[in-house]
Each structure stands twice: as structure tokens, then as C-alpha cells.
Amino acid sequence: MKVAPFIQQLKHTIPESSWSWVLAALRQDRVVWESLQSENFYQEALQTIGNNPVAWSPAGLALLAIKRPVTLEALQAAPLQPIDDKLRHMAACAFEELVKGEQDTNMTLSQAGLLALSLRERKRLLGSWEELAENLSAAPQASWRTPLACLYGMLPDPADLIAVLVAPDASEEHILLGLHTMLSNPILPGKLVDNLSNLLCYHPIKAQLSVLRYLNSQRPIIAKLLARHILADANNQIEVEPANMEEVQILLDRAEMYQISGEHNQAMPLLNAAWSASRRLQADLTAHLAQVAANDNDSETALAALEKAAEMDALSPNAFSDIVLARLNTGQLIPPKNFNASATIKPNKHDPAALLSAATLAQQTGDQSQAQMMARQALEAAAKSQSKKRTGAKELDTLKPLAKLLLELELPIDASRAAELALEAQPNNAQML
């Protein structure tokens, strides 16, 4: 494979230890790389920039393309200093042309450099990046890829710029612009990973994974190192026995991070835990569907759900109580005399639905005192859930049959309390009224 003349000459210019990360940065931005295919331009760059790897930045190359007497050192001085009047005018015109759509479709490196200077000047006058999002919204986001890559090297503290672009509340488009900006600049791999890790530590796992996926498509080695950083900080935050689909998704996301990091053996336990939990949650959902359908006298749906639940071997105690109630309500379960309902269901004393199942079974077997005790425990559990603002659809579905059962068990005061609890959560529930 023939090596491009520029690459050959650059390798003869900069230290061999920097070849990989300098070339990766130069190739990251299309406009920058295409500019370096011009022999006249890259020869000028080789003579001007020389053998300092970090000086091979979009900012330095853009200043060469603009052909104005301003240095990176002057632009990077703190506090920000104004540029000369002619250059400021050129930068302002470039911004106006972009906003009005008068710029050529194919942006040049000099145009990108002028746009970067226009953003820098706005930052100098305002004293912050407060209006950056508004400035970027004036033109298609893709138009800002090269200008932002150039702007990074024109600032005394480019980390402030990146912090705004990759903030936890930033849009996905701005985050991608921030990542492109960093990847387009010659930053030592270790420093790049550290910077990215510090930026992402406040992001939710889904946003972190989105960044890792992007990096994995652009720089797999950087993605691998960053994933290991993130996982090392998050090892004690993993819920290995998820209680809902959101927690299952977190397991799946974390497993994908391990895959990106190259630690596939760490991904396997998480994937197995997610698989087991999803089966259990599916079983719970099927069982709950059977109970709700039975309560609503929809025997066809209830029986279909029961048939499906019977095929599953991952039923939780809560799901088992739903199955018992559904079978009772559809006539599939007729318990024998002297049947110990609480011993069979083994209800969690904090779970109103499981306690209701045990009470209903006890009533069916004629054990009035056991039924009353379990029903009252179900009522207390429901009251505690409501006091902690944890009353959901499942708890409300339990309160209606519980109120009815308490009436049948000759406990009218408790039945009234159950109805009142339901009305607190649903004030306009006609059946409870």
C-alpha cells in the first residue's frame, strides 16, 4: 500500500512515539485532512510547525491557511486578547455568511479558522460561553465540526469549552461536537482518557455508553481505556438482582461497557443476571395480568395468562400470589379443608397482594380467624406503602378486592379503611365511592 507523501514526511519530522495519536487526530476532521493533501500547504506546515507533536493542531493549520500574522501563543494568552481589526472583520463576515447560508457547501480550513476566531471573539467580549449554544444554533450543527476543532487550540483553557459542549444537560449533537473537537486535536492518549473520564463522571450510564459507542467507532483503543476508567469508578454501584426493567437495562448497559473495555469475562455474569431477571419479570407480569383479568371477570384473558405462567419456572413469591388469586377467581383452584394458606403462599409481610392471596385462600378453606388475620395484615401493609408514597397500580388493584374480602369477613371498619386508602390515591374511583 502506497503511503501518502505527507504522512512519510510527517513521520520524518515528529518523534515516532507520537505518530499514532498525531495522525489519528489529523485524520479525524475531514477539512483538516483534505487540506494536508495539498503539497504546497503541507510543505509550508512542515517548515512552520516543525517537530512538536502537539503543535500539529487544527488551530495551527488554520492560521497558516488564513495567512494572517497572528500566533497561537498570542491567541492562547490569558486573559483573552483582541485580534487585529482586519482579522476581526474577516471573522465576523465568515460568521454572517455561514448564518445566511452564503458560504460554499465545502468549507475550507481558512473559513473554519475564521469561524473559530469569531466564536473566540464572542467569548472574549461576553466573558463566558453563555451564548455558545445560541451561536451554534445559527447554522447546521455539522458546520461547526471543523471550526470548533480549530477553536480548541485558540484558547488558554479549552477545557472550559469542552465542559460546556459535553455537559450532562447538553444535547446529543453538542456532545458529539465536543467529542469531535477533542479527537481532532493532538492530545496524548492518557491525557485524553483522563479528560473524558472527568467529563463523563456526572453523566448517567446511558449517556456514558452512548459516548463509548461513538468512541469505539472512531478510536477503539481510547474507548477501551475509557470504559475501564468508568467501570472502575462504578463497580460498587451495580444492582445484580434487578427489581424492574430499568435496572435490567442498566445491567445490559454495564455489560456492553465491559465488552467495549475488552473484559468479556466481566460481562457474562451481568448478562446472565439480566437474563434471569427478565424471565422473572416476565413471569411476574404474566401472573399479574392473570390476577387483574380475573378480578375484571375476563376469564378468557385470565386463563390464557395462567396457561402461559404455568410454562414458566421463574415465578417470584409475588407472582405466585397473583397466580393463586387468579385461579381462585376463575374457579381453577378449590383448596381442601384444613389447608394452611399462609404456609403455602408464605407471604411477605410487606406485600399486600401476597397477604391478600393468603387471606382469600384461608377464607375458601373456612379458616375465618386466619383469613381475618391475613386480611388485616394486608391492610396494614397497604397503609404503610401509601404512607411512603409507594402506592402504584398493583397496590390499587389489591385494595379493591381487599375491601370486598374484609366485608365478607365481617370486618366493616377495616373494609371502610381499605376503601379510604384507595380513594386517597384515586379520589374519583366510582367503585370505591
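Position 1 is the first residue of the sequence, and the numbers go up from there.
Annotation: the span from Asn135 atom CG to Ser137 atom OG amounts to 7.5 Å, rounded to 0.5 Å. Note that the CZ atom of Arg219 and the NZ atom of Lys224 stand 16.0 Å from one another [nearest 0.5 Å]. Rounding to the nearest 0.5 Å gives a distance of 7.5 Å between CD of Glu424 and CD of Glu420. Rounding to the nearest 0.5 Å gives a distance of 9.5 Å between CG of Leu46 and CD1 of Ile14. Distance check, rounded to the nearest 0.5 Å: CZ of Arg213 to CE of Met257 gives 9.0 Å. The line from CG of Leu231 to CD of Gln266 is 8.5 Å long, rounded to the nearest 0.5 Å.
Between Tyr42 and Leu10, the closest side-chain pair of non-hydrogen atoms is not below 4.5 Å. For the pair Trp21 and Ile187, the minimum side-chain heavy-atom distance is 4.5 Å or more. Within the 4.5 Å cutoff, the side chain of Ile83 has heavy atoms near those of the Leu75 side chain. Proximity of Arg122 to Glu131: side-chain heavy atoms (C-beta onward) are nowhere separated by under 4.5 Å. Side-chain contact between Leu183 and Leu192 is present, with at least one heavy-atom pair separated by less than 4.5 Å. Side-chain contact between Ile260 and Leu215 is absent, with no heavy-atom pair separated by less than 4.5 Å. In this structure, Asp84 and Val70 have side chains that are not in contact, with every pair of non-hydrogen atoms separated by 4.5 Å or more. Side-chain atoms of Gln111 and Leu98, non-hydrogen and from C-beta on, never get closer than 4.5 Å to each other.
Looking only at distances, a side-chain donor or acceptor of Ser35 sits under 3.5 Å from a matching main-chain atom of Val31. Between the Ser217 side chain and the Tyr214 main chain, a donor and an acceptor come within less than 3.5 Å of each other. Looking only at distances, no side-chain donor or acceptor of Arg254 sits under 3.5 Å from a matching main-chain atom of Leu270. Although no hydrogens or angles enter the test, the distance criterion places a donor-acceptor pair under 3.5 Å between the side chain of Ser118 and the main chain of Leu115. Using a distance-only test at 3.5 Å, with no hydrogens or angles considered, a donor-acceptor pair links the side chain of Gln208 to the main chain of Leu200. Formation of a donor-acceptor pair under 3.5 Å by the His229 side chain with backbone atoms of Leu225 is not found in this model. Judged purely by atom type and a 3.5 angstrom limit, Trp144 has no side-chain atom pairing as donor or acceptor with the backbone of Ala116. Side chain of Trp56 to main chain of Pro186: no donor-acceptor pair is present (N/O by atom type, distance under 3.5 Å, no hydrogens or angles). For Asn185 (side chain) and Ala149 (main-chain N/O), a donor-acceptor pair under 3.5 Å exists by modelled atom type. Glu16 places no side-chain N or O within donor-acceptor distance of the main-chain N or O of Lys11, the cut-off being under 3.5 Å.
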**OP:** Would you sort out whether Ile49 and Thr13 count as a side chain to side chain contact (heavy atoms under 4.5 Å, CB included), showing the intermediate values?
**Re:** CA-CA 10 Å; Ile49 298 174; Thr13 304; over 6 Å; no

Where do Met107 and Arg145 land on the side chain to side chain contact (heavy atoms under 4.5 Å, CB included) test, with the steps shown first?
CA-CA 10 Å; Met107 182 180 293; Arg145 288 165 62 87; over 6 Å; no

Report task. Determine, step by step, whether Thr71 and Leu63 satisfy the side chain to side chain contact (heavy atoms under 4.5 Å, CB included) criterion, reporting the C-alpha distance in whole Å, the side-chain angles of both residues, the deciding distance to 0.1 Å, and the verdict. Result -> CA-CA 8 Å; Thr71 66; Leu63 292 182; 5.9 Å; no

The test is side chain to side chain contact (heavy atoms under 4.5 Å, CB included); show your working for Trp33 and Leu109 and say whether it passes.
CA-CA 10 Å; Trp33 186 247; Leu109 186 55; over 6 Å; no

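With sequence neighbours excluded, the residues forming a salt bridge (charged side-chain N to carboxylate O under 4.0 Å, His left out) with Arg417 are Glu380, listed by chain and number. Contacts of Arg376 classified as salt bridge (charged side-chain N to carboxylate O under 4.0 Å, His left out), with partners at least two apart in sequence or in another chain: Asp414.
In this structure, Ile221 places its CD1 atom where only 12 or fewer heavy-atom neighbours from other residues, nucleotides or ligands lie under 6.0 Å away. The number of heavy atoms from other shown groups lying within 6.0 Å of CH2 (Trp275) does not exceed 12. Gln218 CD: more than 12 foreign heavy atoms inside a 6.0 Å radius.
For the residue pair Gln249/Asp253, the side-chain donor-acceptor check at 3.5 Å is satisfied.
Scanning both residues, Val22 and Pro53, for their nearest heavy atoms gives CG2-CB, 3.7 Å. The shortest non-hydrogen separation linking Leu405 to Ala359 is CD2-CB, 3.7 Å. The two atoms that bring Ala227 and Leu212 nearest to each other are N-CD2, 3.7 Å, heavy atoms only. Taking each heavy atom of Ile66 and Leu114 in turn, the nearest pair found is CD1-N, 3.8 Å. Here the closest non-hydrogen pair linking Ala267 and Ala255 is CB-O, 3.5 Å. Considering every non-hydrogen atom in both Ser184 and Gln28, the closest pair reads OG-CG, 3.5 Å.
Between Asp194 and Lys191 there is no salt bridge, since no side-chain nitrogen of the basic residue lies less than 4.0 Å from a carboxylate oxygen of the acidic one. Salt bridge present: Arg88 and Glu121 bring a charged side-chain N and a carboxylate O closer than 4.0 Å.
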Tell me which donor-acceptor pairs under 3.5 Å the side chains of residues 154-176 have, and how far apart each pair is, sequence neighbours excluded?
residue, atom, partner, partner atom, Å
Asp157, OD1, Ala159, N, 3.3
Ser171, OG, His174, N, 3.2
His174, NE2, Gln141, OE1, 3.1

